[in-house]
Amino acid sequence: MSLKSFIEVNPESDFPIQNLPYSVFSTKSIPTPRIGTRIGDFVVDLAVLDEENLFDKQYGFFADSTLNRFMSGGRGVWREVREQLTGLLSNDNSPLKKETLKSRRLIPIEEVLMQLPVTIGDYTDFYASREHATNVGIMFRGKENALMSNWLHLPVGYHGRASSVVISGADIRRPRGQVAPMGPPPEFVPSRSLDFELEMGFFIGVGNELGKPISIENAHEHIFGMVLLNDWSARDIQAWEYQPLGPFLAKNFATSISPWVVTMDALEPFRVHGPKQDPAPLPYLALDAAHGYDIHLEVTLQSPTMDSPQTISRSNMKYMYWSIVQQLTHHTVTGCNMRTGDLCGTGTISGPTADSYGSMLELTWRGEKPIALPNGETRKFLQDGDTVTMKGYCQGEGFRVGFGEVTGKILPALLIN
Ligand code: MN
């Protein structure tokens, strides 16, 4: 008999008792942000549970306005809390406790306002899908030089901007910048090739000391959980600025994440072997284990005149060449210190087929093959008023462990005086 909650949860819900993700929320009646978990269409207020001694001991940090203190506790604390929550929300809990929980601690999802769940110190974005790197390489450098000579030896990445990471639902302002599609001199205009990137993000729970790299064997212990991540990108700005130091303003104006952080313990049953790595990675990046994840991913687009969103891509995290533990290990191999709350993006997760690409750049092949929308409109890149939504879930037997969604709408560029 599989684990069941006394709360009714639709089998297609992302949030059954097998998930129990964490986030920060507030309500109209209690505007102070605090930590909650989610079951079906309800948020469970963990600050109240803690205060009223429904846990074996008092933790204190659930009344915080970010997950950081909880995250810094390490895997022992994460497991302990998860086990207790599973017991409390399980159908096997005592009738009295079920009634107590139902009466005051469950808040309908419509009544909550989700907050950015983590204070993010640093944000790094990788480039770890072979299909994505190959597609972009073909478009920018031609078939012969698609993958750079380093790509199969290390997870390529760049240090991004934590200050502009926003929660799902936040509007995205079209950036202005220098573009030079025909070469210099550049013009200063609103980006004409605004794009999304379908990614997953992972949060560092426990960091490492400066000078002490995280080994590939221990990397998993440092990761608290994952979210959906949209790395909004201005391709025309990127094409002009990216050499020789990589992306800068093309990606620093906004990165959206889904509000619920799904823990690595909830994702454990969905670990799979990633693509075969040939050539074999150097020993510090080699790990003989299933370190990929089978997470179904989907992107939809809705223009202002469409009644409902249209699916424009279906991908899966299992296609990713460099795993998140390899990314984290590589990041710290110099002794670079990660801190609690740091965020890493996996890089665009493109699949092998043309309908599984994770960006407009690839889906439309740099605008050569526009996407046809059901209302007759077409898109090469995103237009003002367009809404992009990403969803993701793992399929279990009779239940899903999902991420909800990350969504954002494009607003027109502001005038600059
Ligand atoms: Mn990216």
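Every heavy atom of this structure was used, including side-chain atoms; hydrogens, water molecules and symmetry mates were not. Whatever order the structure lists ligands and atoms in, that order sets their numbers, starting from 1.
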* Does NZ or CZ of Arg366 come closer than 6.0 Å to the centre of the six-membered ring of Phe140, within 45° of the ring's axis? -> yes
* Neighbour count above 12 (heavy atom, 6.0 Å) for Arg161 CZ -> no
* To do: For Gln18 and Leu3, indicate whether the former's side chain and the latter's backbone hold a donor-acceptor pair under 3.5 Å.
  => yes
* **Backbone of Trp322 reached by a side-chain donor or acceptor of Gln327 within 3.5 Å** => yes
* Residues, nucleotides or ligands: over 12 heavy atoms within 6.0 Å of Arg314 CZ -> no
* Structure fact -> Sorted by chain and number, protein N/O/S atoms nearer to the Mn ion (ligand 1) than 2.8 Å are Asp125 OD2, Glu197 OE1, Glu199 OE2, Asp231 OD2
* To do: Kindly say whether Gly402 contributes a backbone atom to a donor-acceptor pair with the side chain of Asn19 at under 3.5 angstrom?
  => yes
